[in-house]
S.K.: 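Structure in structure tokens, see below.
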There are 2 protein chains.
Amino acid sequence: MEAQKKVFVERVGVRTEMMGYSPLAGRIIGALLLSEPPYMTFDALCEYLNASKSSISTNLHFLMKEGTGLVEYFTLPGDRKRYFKISIDNWLRHIKEMPKEFQNSNDLLGEILGYREANQLDGEFSHSIKKLLSFYEFMLDKLPSLIEEWEEKIILEK
Amino acid sequence: MEAQKKVFVERVGVRTEMMGYSPLAGRIIGALLLSEPPYMTFDALCEYLNASKSSISTNLHFLMKEGTGLVEYFTLPGDRKRYFKISIDNWLRHIKEMPKEFQNSNDLLGEILGYREANQLDGEFSHSIKKLLSFYEFMLDKLPSLIEEWEEKIILEK
DNA sequence: TGATTAGTTCGTTACTAACCGAACTAACAA
DNA sequence: TTGTTAGTTCGGTTAGTAACGAACTAATCA
């Protein structure tokens with residue numbers, strides 16, 4: 001069972017690395033997803049992941065700030081330690097912001113198309129860019145209400 | 001106008017770097033998006049981007065294979081040169097595959113939840129993971145038909 | 001006040017990725 | 001067959017990133 005857990009931690013590590021996190025940041029996420037109880041102290045993370053305090057410190061900071069607040073911590077009265085855990089809420093909030101990513105590509109591509117048309121550059125190519133843009137715009141239009149639809153479904157299920 | 005074009009090329013470069021491409025790969029995409037006609041030879045790319053032949057060669061290969069076929073080339077009879085251009089079709093095909101990315105995260109998270117439940121780990125945390133999973137699953141369910149809806153819209157507009 | 005604990009900061013090392021130039025190959029042209 | 005052009009491959013340099021240990025700080029405890 002412990003061995004299986006470690007395998008999961010590494011697999012989560014690989015997945016999250018592909019999302020732009022460092023290997024250790026990925027393993028922290030993995031460890032926190034699989035630990036029981038679902039939070040760990042600083043020292044426990046160092047020991048479990050065989051990592052130095054400095055590396056754990058750096059990566060926890062990253063995950064709490066830049067890393068979209070994927071990790072957060074709580075404290076207990078009369079206890080100096082911090083207890084680190086995954087914030088599923090922030091995780092969800094982050095993936096719901098996916099349309100914003102689209103928006104950025106969309107905007108730049110739109111500007112480029114504007115430039116091409118203003119300078120009367122090759123029409124056929126501009127036309128195919130327009131098609132691509134229309135896809136982005138369609139998604140930008142539809143995704144928010146799709147997300148809302150899910151929100152409502154979730155409320156009803158409760 | 002030429003200056004404005006270069007600014008665009010760099011901006012595209014930065015955007016695509018954020019998507020995991022190398023700086024030069026990003027600039028190649030930018031140059032090809034803005035060039036008139038909408039294709040360039042190997043040498044023209046070297047010169048325009050002030051890059052070495054080897055770097056251009058490596059990055060074009062990447063963009064044609066691993067890079068989801070974002071770039072392709074064509075040839076002209078009686079002309080040894082290759083003409084490189086953006087494949088908007090492949091670009092579109094690639095973003096339409098977005099649900100597959102979801103699928104991978106979804107599968108791993110599902111396995112983890114299975115592990116947690118099999119070992120009767122903290123119920124509240126597992127419950128919130130379930131909520132996250134339900135979002136992924138909802139999107140996986142709805143996105144394909146949304147994409148199809150766009151396809152139909154496009155056909156009608158023609 | 002001094003000792004301990006929790007976590008941070010800093011300087012270094014090891015590794016990887018991006019890019020370059022030079023030498024090379026394959027195809028055609030003279 | 002020799003030269004030229006288009007592009008590739010290889011080895012090396014440089015820049016950037018991940019991680020470490022040691023020294024430090026801030027808070028608590030005795």
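Reminder, nothing fancy here: chain letters follow the sequence lines and each chain counts from 1.
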S.K.: Using whole Å, what does the distance between atom P of nucleotide dC20(D) and atom CD of Glu47(A) come to?
M.R.: 14 Å
S.K.: Give Ser22(B) one of three labels, base, sugar-phosphate or nothing, depending on what nucleic acid heavy atoms sit under 4.0 Å from its own.
M.R.: sugar-phosphate
S.K.: Taking any heavy-atom pair under 4.0 Å as a contact, classify Leu60(A): base, sugar-phosphate, or nothing.
M.R.: nothing
S.K.: Between dG7(C) atom P and Met40(A) atom CE, what is the distance in whole Å?
M.R.: 13 Å
S.K.: Measure CG/Leu63(A) against C1'/dA18(D) and give the value in whole Å, please.
M.R.: 14 Å
S.K.: Tell me, yes or no, whether the heavy-atom count around Phe102(B) atom CZ, taken from other residues, nucleotides or ligands under 6.0 Å, exceeds 12.
M.R.: yes
S.K.: Using atom CG of Asp79(B) as one end and atom C1' of dA29(C) as the other, report the distance to the nearest whole Å.
M.R.: 14 Å
S.K.: What's the NZ-P distance between Lys53(B) and dT8(D), to the nearest Å?
M.R.: 9 Å
S.K.: Table please: side-chain donor-acceptor pairs of residues 74-85 of chain B below 3.5 Å, with sequence neighbours left out.
M.R.:
{"residue": "Asp79(B)", "atom": "OD1", "partner": "Lys81(B)", "partner atom": "N", "Å": "2.9"}
{"residue": "Asp79(B)", "atom": "OD2", "partner": "Tyr83(B)", "partner atom": "OH", "Å": "2.6"}

S.K.: For His127(A), what residues pass the side-chain contact (heavy atoms from CB on, under 4.5 Å) criterion, not counting sequence neighbours?
M.R.: none
S.K.: Side-chain N or O of Arg80(B) versus OP1/OP2 of dT25(C): is the shortest distance under 4.0 Å?
M.R.: no
S.K.: Considering only dT9(D), dA19(D), dG21(D), which nucleotide approaches the side chain of Arg27(A) most closely?
M.R.: dA19(D)
S.K.: Nearest-nucleotide wise, let me know which of Thr58(B) and Asp43(B) is further upstream toward the 5' end of DNA chain D.
M.R.: Asp43(B)
S.K.: Looking at Glu97(A) and Arg93(A), is any side-chain nitrogen of the basic one under 4.0 Å from a carboxylate oxygen of the acidic one?
M.R.: yes
S.K.: Taking five pairs at each end, how big is the angle between the two axes of the helix from dT1(C)-dA30(D) to dA30(C)-dT1(D), to 10°?
M.R.: 10°
S.K.: Run the salt-bridge test on Lys96(B) and Glu151(B) with the 4.0 Å N-O cut-off and return the result as yes or no.
M.R.: yes
S.K.: Out of dC20(C), dG7(D), dC19(C), which nucleotide sits closest to the side chain of Ser54(B)?
M.R.: dC20(C)
S.K.: Check whether any side-chain nitrogen or oxygen of Ser57(A) sits under 4.0 Å from OP1 or OP2 of dT8(C), and answer yes or no.
M.R.: yes
S.K.: Whole Å only: how far is the CG atom of Leu76(A) from the P atom of dA27(D)?
M.R.: 19 Å
S.K.: Please check the phosphate of dT8(C) (OP1 and OP2 only) for any side-chain N or O of Arg82(A) closer than 4.0 Å.
M.R.: yes
S.K.: Base, sugar-phosphate, or nothing for Lys81(A), non-hydrogen atoms under 4.0 angstrom?
M.R.: sugar-phosphate
S.K.: Quick one: Phe42(A) CZ to dA26(D) C1', roughly how many Å, whole number?
M.R.: 14 Å
S.K.: Just to be sure I understand the rule, does Asn50(A) reach a base, reach only the sugar-phosphate, or reach nothing, if contact means heavy atoms closer than 4.0 Å?
M.R.: sugar-phosphate
S.K.: Rounding to a whole Å, what distance do you find between Ile28(B):CD1 and dG7(D):C1'?
M.R.: 13 Å
S.K.: Has Ser55(B) got a side-chain N or O lying under 4.0 Å from the OP1 or OP2 atom of dC20(C)?
M.R.: yes
S.K.: Counting only heavy atoms not in Lys153(B), do more than 12 fall under 6.0 Å of its NZ?
M.R.: yes
S.K.: Under 4.5 Å between any side-chain heavy atoms of Arg116(B) and Ile129(B), yes or no?
M.R.: yes
S.K.: May I ask you to decide whether Lys6(A) forms a salt bridge with Glu10(A), counting only side-chain N to carboxylate O separations under 4.0 Å?
M.R.: no
